[in-house]
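Would you mind keeping the following structure in view while I ask a few things?
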There are 2 protein chains.
Amino acid sequence: MTKPLAELAPLDPEMFDPVCPSPLVPFRVGDKWAAMILRCLQDGSRRFSELKGPLRGVTSKSLTQSLRRLERDGFVTRKAYEDTKLGVEYSLTPLGRGLLGPLDAACEWTREHWDELIDAHEAHMNKGG
Amino acid sequence: MTKPLAELAPLDPEMFDPVCPSPLVPFRVGDKWAAMILRCLQDGSRRFSELKGPLRGVTSKSLTQSLRRLERDGFVTRKAYEDTKLGVEYSLTPLGRGLLGPLDAACEWTREHWDELIDAHEAHMNKGG
DNA sequence: GAGGCTGGTTTCCGATCGGATACCGCCCTA
DNA sequence: TAGGGCGGTATCCGATCGGAAACCAGCCTC
């Protein structure tokens, strides 16, 4: 009963470290955790506790909040297990899945230009920021 | 002396109405005005007052703030006229110009799925949000 | 029946966002 | 010399963001 529906590789608990990139990343989807949540769900549905691991440092409150917003906006669905009444699973809607395209494009752009982003930032620091 | 450098079509003063789309748009670049500023600059450099028009409702403070952040992050350069000492012009850096690609992709995705976004939102409202 | 895991909620709080308003020096023109 | 455009700055304020910590019911195991 620890597994979701199918055999699904567990997420890397160190997949995201929100401390590292955040302020320099020029793209945001929704709130702080939304993009990471979407990417965590891209291979299939996940449970609350499965999401908490990879989203390093997220609190229950923030995760709930972010998931509720994604649900409200039609990107994620929430489904409680009915048989056991223990556990909840979150998954992408088609709309949410569609979001992954431009999101990945934005992520890739950021990766490609990471050095330039750092350089620009440091250059600005050095001339008196 | 009202014109920037070359002959450049003036921006439509009604180009953006931040009241309309904002909360449903799942993508953000920087702060509230950043994406609009980048798109205003895509055809060439613009002066402060040229930006204020199309960015309906922006205050001097918010515009300055947003421009300073874009400058700090290396997406925009600020250049004061030296001959007349009157006027300042803002333009995209190559890095900022590169941002337009994924930004446009995100905008287009939003346009394409606009109806679905509205529907999802309303559906959620109707079942007790 | 004590403790642990699951999926949260509640309260509190500091930081940031961003609008409103007032004000500023500089320059040009009338 | 008065007024107006330009490119801001200073101050205040309410709203939102998001972390910390405490707490919760339901279920399972020991």
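This one's a predicted model, so the numbers in the text were calculated from it and none came from an experiment. Protein chains get the first letters and strands the later ones, always in sequence-line order, with residue 1 at the start of each.
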Query raised in the report: Which of the following nucleotides, D:dG8, D:dC6, C:dG7, is nearest to the side chain of B:Arg47?
Result: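 Side chain of B:Arg47 sits closest to D:dC6.
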Report summary line: Against the side chain of B:Tyr90, the closest entry in D:dG7, C:dG7, D:dG8 is D:dG8
**Report entry** Pairing residues for B:Ser49 by the side-chain hydrogen bond (donor to acceptor under 3.5 Å, both in side chains) criterion, not counting sequence neighbours
**Finding:**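 None.
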Query - Proximity to the side chain of A:Asp31 - top-ranked nucleotide from C:dG7, C:dG18, D:dG18 - result: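 The answer is D:dG18.
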Query raised in the report: Is the phosphate of C:dG19, meaning OP1 or OP2, less than 4.0 Å from a side-chain N or O of B:Arg56?
Result: no
Requested in this report: Would you mind reading off the bend of the helix from C:dG1-D:dC30 to C:dA30-D:dT1 from its two end axes, five pairs each, to 10 degrees?
Outcome: 10°
Query raised in the report: When the distance from NZ of B:Lys52 to C1' of D:dG5 is rounded to whole Å, what number comes out?
Result: 11 Å
Query raised in the report: What is the distance, rounded to the nearest whole Å, between atom CD1 of A:Ile37 and atom P of C:dG7?
Result: 14 Å
Query raised in the report: Residues two or more places apart in sequence or in another chain: which of them pass side-chain contact (heavy atoms from CB on, under 4.5 Å) with B:Thr110?
Result: B:Val25, B:Pro26, B:Phe27, B:Trp114, B:Leu117
Query - Ion pair check, A:Lys79 and A:Glu89, cut-off under 4.0 Å - result: yes
Query raised in the report: A:Leu51 has an atom CG; how far is it from atom P of C:dG7, in whole Å?
Result: 9 Å
**Report entry** Contact check, side chains of B:Leu99 and B:Phe75, non-hydrogen atoms, under 4.5 Å
**Finding:**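 Yes, close enough: below the 4.5 Å cut-off.
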Query raised in the report: Between B:Leu63 (CG) and C:dA20 (C1'), how many Å, whole number?
Result: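 Going from CG in B:Leu63 over to C1' in C:dA20 covers 16 Å.
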Requested in this report: Please report, rounded to the nearest Å, how far the P atom of D:dC6 is from the OH atom of B:Tyr81.
Outcome: 12 Å
Query raised in the report: B:Lys52 versus B:Val58: any side-chain heavy-atom pair under 4.5 Å?
Result: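 Yes, their side chains come closer than 4.5 Å.
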Query raised in the report: Do any side-chain nitrogens or oxygens of B:Arg78 fall under 4.0 Å of OP1 or OP2 in D:dG8?
Result: yes
Requested in this report: With the side chain of A:Arg69 defined as its heavy atoms from C-beta on, choose the nearest nucleotide among C:dG18, C:dG8, D:dC17.
Outcome: D:dC17
Can you name the atoms? Protein N/O to nucleotides 19-23 of chain D N/O, anything below 3.5 Å, with the distance.
from	atom 1	to	atom 2	distance (Å)
D:dG19	OP1	A:Lys32	NZ	2.8
D:dG19	OP2	A:Ser62	OG	2.5
D:dG19	O6	A:Lys61	NZ	2.3

**Report entry** Phosphate OP1/OP2 of C:dG7 contacted by A:Ser49 side-chain N/O (<4.0 Å)
**Finding:**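 It does, given that an N or O in the side chain of A:Ser49 lies less than 4.0 Å from OP1 or OP2 of C:dG7.
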Report task. Calculate the interatomic distance between A:Gln65 atom CD and C:dG8 atom C1'; express it in whole Å. Result ->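 Rounding to the nearest Å, CD of A:Gln65 and C1' of C:dG8 are 13 Å apart.
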Query raised in the report: Is any side-chain heavy atom of B:Tyr81 less than 4.5 Å from a side-chain heavy atom of B:Arg47?
Result: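 In contact.
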Requested in this report: Using side-chain hydrogen bond (donor to acceptor under 3.5 Å, both in side chains) as the criterion, list what pairs up with B:Ser66, not counting sequence neighbours.
Outcome: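 Here the qualifying residues are B:Asp31.
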Report task. Could you check how far CD of A:Glu89 sits from C1' of C:dG8, rounded to whole Å? Result ->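 Rounding to the nearest Å, CD of A:Glu89 and C1' of C:dG8 are 17 Å apart.
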Report task. Using atom CZ of A:Arg68 as one end and atom P of C:dG7 as the other, report the distance to the nearest whole Å. Result -> 12 Å
Query raised in the report: How about B:Arg46 and B:Ser91: do any of their side-chain heavy atoms sit closer than 4.5 Å?
Result: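 In short, these two side chains do not touch, never coming nearer than 4.5 Å.
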**Report entry** For A:Arg68, side-chain contact (heavy atoms from CB on, under 4.5 Å) partners two or more places apart
**Finding:** A:Thr64, A:Glu71, A:Arg78, A:Tyr90
Query raised in the report: Any side-chain heavy-atom pair from A:Leu92 and A:Thr77 closer than 4.5 angstrom?
Result: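 When only atoms from C-beta onward are counted, A:Thr77 and A:Leu92 do not touch, as no gap falls below 4.5 Å.
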